[in-house]
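Here is the structure we will look at.
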Amino acid sequence: MIIIVMGVSGSGKTTIGKLLADSLGWEFSDADSFHSPENVEKMRHGIPLTEADRMPWLQDLQTAIKHWLQENKNVVLACSALKDSYRQFLVSDSVRTKLVYLKGSYELIQIRLKERSNHYMSEKLLNSQFDTLEEPLDTISMDVAQPPQIIVQNIRTALRL
C-alpha cells in the first residue's frame with residue numbers, strides 16, 4: 001500500500017509521514033527529494049512553480065509509485081499534491097494507494113513556517129500554496145492542530161492499519 005500524506009507546505013507532511021511510516025514499519029519517502037535543483041532554487045527564492053516546472057516532478061513521482069506498487073512495497077509518501085489533477089495523475093491504483101489530507105488554517109500554517117529552519121520552502125509561497133490548493137473531498141482529512149501522535153493514530157484507525 002502507498003499512503004500519500006498531502007497538504008500545503010508547513011502542514012506537517014514530513015513529520016506525520018515519518019511518524020506514520022515508523023509506526024507501521026514502512027518505508028518513508030518525501031516528494032521534495034524528487035524536485036530538480038532548479039525547482040528548489042525557485043522555491044528558495046519565493047518563486048512559485050509553473051505547471052511546466054511541476055510536470056517532470058510529477059512524472060518522477062508517478063514512476064516511483066508504480067514501481068513501489070509493482071514491488072508490493074508499503075510506502076508513506078509526503079507530497080503536497082495540491083490539485084485534483086495531480087492526485088489523479090499520481091493515484092493509478094485507488095485500492096492500494098490512499099490519500100491523507102493534512103488540513104490546517106492559514107494562520108496556523110504561517111506560524112509553523114515562520115518557526116521552521118533549514119527548509120527551502122519560503123513562507124512567501126504560502127499564499128500561492130493556498131491559492132493552488134483544491135481540497136480533496138474523497139479522502140481522509142486530519143486537523144493539523146492536533147498533536148502528531150494523535151494524527152498518526154487517527155490515520156491508522158481510519159485506514160484500519
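Please read all numbers here as calculations on a predicted model, not as lab measurements.
- Residues satisfying the side chain to side chain contact (heavy atoms under 4.5 Å, CB included) test with Q62, not counting sequence neighbours, are K66, F89, L90.
- In this structure, the separation between CG on L161 and CD on Q153 is 10.0 Å, given to the nearest 0.5 Å.
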Verdict with supporting geometry, W26 and M1, side chain to side chain contact (heavy atoms under 4.5 Å, CB included) = CA-CA 10 Å; W26 290 14; M1 177 185 282; 3.8 Å; yes
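- When all heavy atoms of I2 and W68 are compared, the closest pair comes out as CD1-CB, 3.6 Å.
- In this structure, the side chains of M142 and I16 stay at 4.5 Å or more apart for every pair of heavy atoms.
- Using a 4.5 Å heavy-atom cutoff, the side chains of N154 and Q146 are in contact.
- The shortest side-chain heavy-atom distance between D22 and F28 does not fall under the 4.5 Å cut-off.
- Between the CG atom in L126 and the NZ atom in K114 there is a gap of 10.0 Å [rounded to 0.5 Å].
- Residues V75 and S29 come closest through the heavy atom pair CG1-CB, 4.3 Å.
- Take P48 and apply the side chain to side chain contact (heavy atoms under 4.5 Å, CB included) test, not counting sequence neighbours, and it matches L125, S128.
- Between atom OG1 of residue T132 and atom CD of residue E51 there is a gap of 8.0 Å, rounded to the nearest 0.5 Å.
- Using modelled atom types, one finds a donor on one side chain and an acceptor on the other under 3.5 Å when comparing D53 with T50.
- For the pair V144 and I151, the tightest heavy-atom approach, listed with the atom from each and the gap, is CA-CD1, 3.9 Å.
- A search for side-chain hydrogen bond (donor to acceptor under 3.5 Å, both in side chains) contacts involving N72 returns R96, not counting sequence neighbours.
- The minimum heavy-atom distance between M6 and A81, with the atom names listed, is CE-O, 3.4 Å.
- Taking CG from L19 and CD from Q149, the interatomic distance works out to 6.0 Å, rounded to the nearest 0.5 Å.
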